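In what follows, a single structure is set out as structure tokens and then discussed.
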Amino acid sequence: MKPGHIIPASFYARDTELVARDMLGMLLQCTTAEGATSGIIVETEAYIGEHDAACHAAAGLTTRTAPLYDRAGIAYVYFIYGMYWCFNAVTRAKGLPSAVLVRAVEPVEGIARMRRRRPRAHRDRDLTNGPGKLCLALGITGSLNKQPLQRGSLVIRDYTSYPDASIAITPRIGIRHAADWPLRWIVAGNEYVSKG
DNA sequence: ATCCGGATCGCCT
DNA sequence: GGCGATCCGGATG
């Protein structure tokens, strides 16, 4: 673990459950014309292949799902409920179209900028405790879809690590299909974990 | 604390 | 036409 070092694409070319676990503690950093904002990843979910009814790849290869079929280590940023963006890192578990959804981060850089981008958040803990919220706070939009996470304006870096004892695994939330599989990883007790 | 509806639109269970 | 890997504010207990 070397803090600051960018995570190589090979990291994402592994079983998605392992990637989701290991992404906890890494830094998600987005740089725009306004500067850099970043946060520690504290909540992730795995979406694994066409047979996972909750994974967008269940719809097969379409314009929307194309990033999932491209290559490990790129961004999959999709638009949801007509107004929000959600960020995923594309993985390649056993050749399956898969991804890890980042559901929450703990703010590190650019907190004042996050507050300006999230005027409805009355407390700092509401800045980035949800997949749509963190994209607003960090400035992540669809223009970053399919971009590699090793260079460019959206990168993931080593930052810290959490022992297994501090991590909890639960069913994924906010979905209707395959809602009982334990594919959500959270840093137990972290105040930035989403409430679902 | 918990529940519920509205916003808003690209996509296809 | 209807729904979704969400968020927010208002009502209710």
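Quick note on labels: first sequence line is chain A, next is B, and so on, each numbered from 1. All values reported here derive from a predicted model rather than from experimental measurement.
Rounded to an integer number of Å, the gap from F79(A) CZ to dC12(B) C1' is 17 Å. Between the CG atom of N88(A) and the P atom of dT6(C) there is a distance of 11 Å, rounded to whole Å. The CD atom of E43(A) sits 10 Å away from the P atom of dT6(C) (whole-angstrom rounding). dT6(C) atom P lies 9 Å from atom CD1 of I175(A), rounded to whole Å. Separating the CG atom of L134(A) from the C1' atom of dC7(C) is a distance of 13 Å, rounded to the nearest angstrom. In this structure, the OH atom of Y76(A) is 10 Å from the C1' atom of dC11(B), given to the nearest Å. The NE2 atom of H56(A) sits 12 Å away from the C1' atom of dT6(C) (whole-angstrom rounding). For I80(A) and dA7(B), the CD1 to P distance is 18 Å, given to the nearest whole Å.
Within 4.0 Å of R172(A), counting heavy atoms only, lies no atom of the nucleic acid at all. Using a 4.0 Å heavy-atom criterion, one finds that G132(A) contacts the sugar-phosphate atoms exclusively.
The distance between the ring centers of F79(A) and W85(A) falls below 6.0 angstrom. A centroid separation of 6.0 Å or more is found between the aromatic rings of H56(A) and Y47(A).
Side-chain proximity of Y81(A) to dC7(C), dC11(B), dG4(C): nearest is dG4(C). Across dC12(B), dC9(B), dA5(C), the shortest atom-to-atom separation from the side chain of A59(A) is found for dC12(B). The listed nucleotides are dT6(C), dC12(B), dC9(B); the one nearest the side chain of C86(A) is dT6(C).
Residue T44(A) forms a side chain to side chain contact (heavy atoms under 4.5 Å, CB included) with just one option from V100(A), L183(A), T16(A), L101(A), and that option is V100(A).
You can call Y47(A) stacked on the base of dA5(C); the centres are under 5.5 Å apart and the planes sit within 30°.
Paired regions of DNA chain C, where each region holds three or more successive Watson-Crick or G-U pairs whose two hydrogen-bonding distances fall under 3.5 Å, are B:1-7 with C:6-12, B:9-12 with C:1-4.
At dT13(B), none of the side-chain N or O atoms of H177(A) fall inside 4.0 Å of OP1 or OP2 (strictly under the cut-off). Within the structure, every side-chain polar atom (N or O) of R176(A) is placed at least 4.0 Å from both OP1 and OP2 of dA5(C). Contact check, T62(A) against dC12(B): a side-chain N or O comes under 4.0 Å of OP1 or OP2.
With hydrogens and angles left out, the side-chain atoms of T37(A) and E109(A) include no donor and acceptor closer than 3.5 Å. Under the 3.5 Å distance criterion, with hydrogens and angles disregarded, a donor-acceptor pair is assigned to the side chains of R184(A) and T170(A). Side-chain contact annotation: Y159(A) with Q29(A), donor-acceptor N/O pair under 3.5 Å absent.
No salt bridge links R118(A) with D124(A); every basic N to acidic carboxylate O contact stays at or beyond 4.0 Å. A salt bridge links R117(A) with E34(A): at least one charged nitrogen is closer than 4.0 Å to a carboxylate oxygen.
Under a cut-off of 6.0 angstrom, the local environment of NZ in K195(A) is crowded, with over 12 non-hydrogen atoms contributed by other residues, nucleotides or ligands.
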Quick one, give me the B/S/- string for nucleotides 8-13 of chain C, reading 5' to 3', where B means a protein heavy atom under 4.0 Å from the base and S means that only happens at the primed atoms, P, OP1 or OP2.
SS----
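Here the side chain of R21(A) pairs no donor or acceptor atom with the backbone of L18(A) at under 3.5 angstrom.
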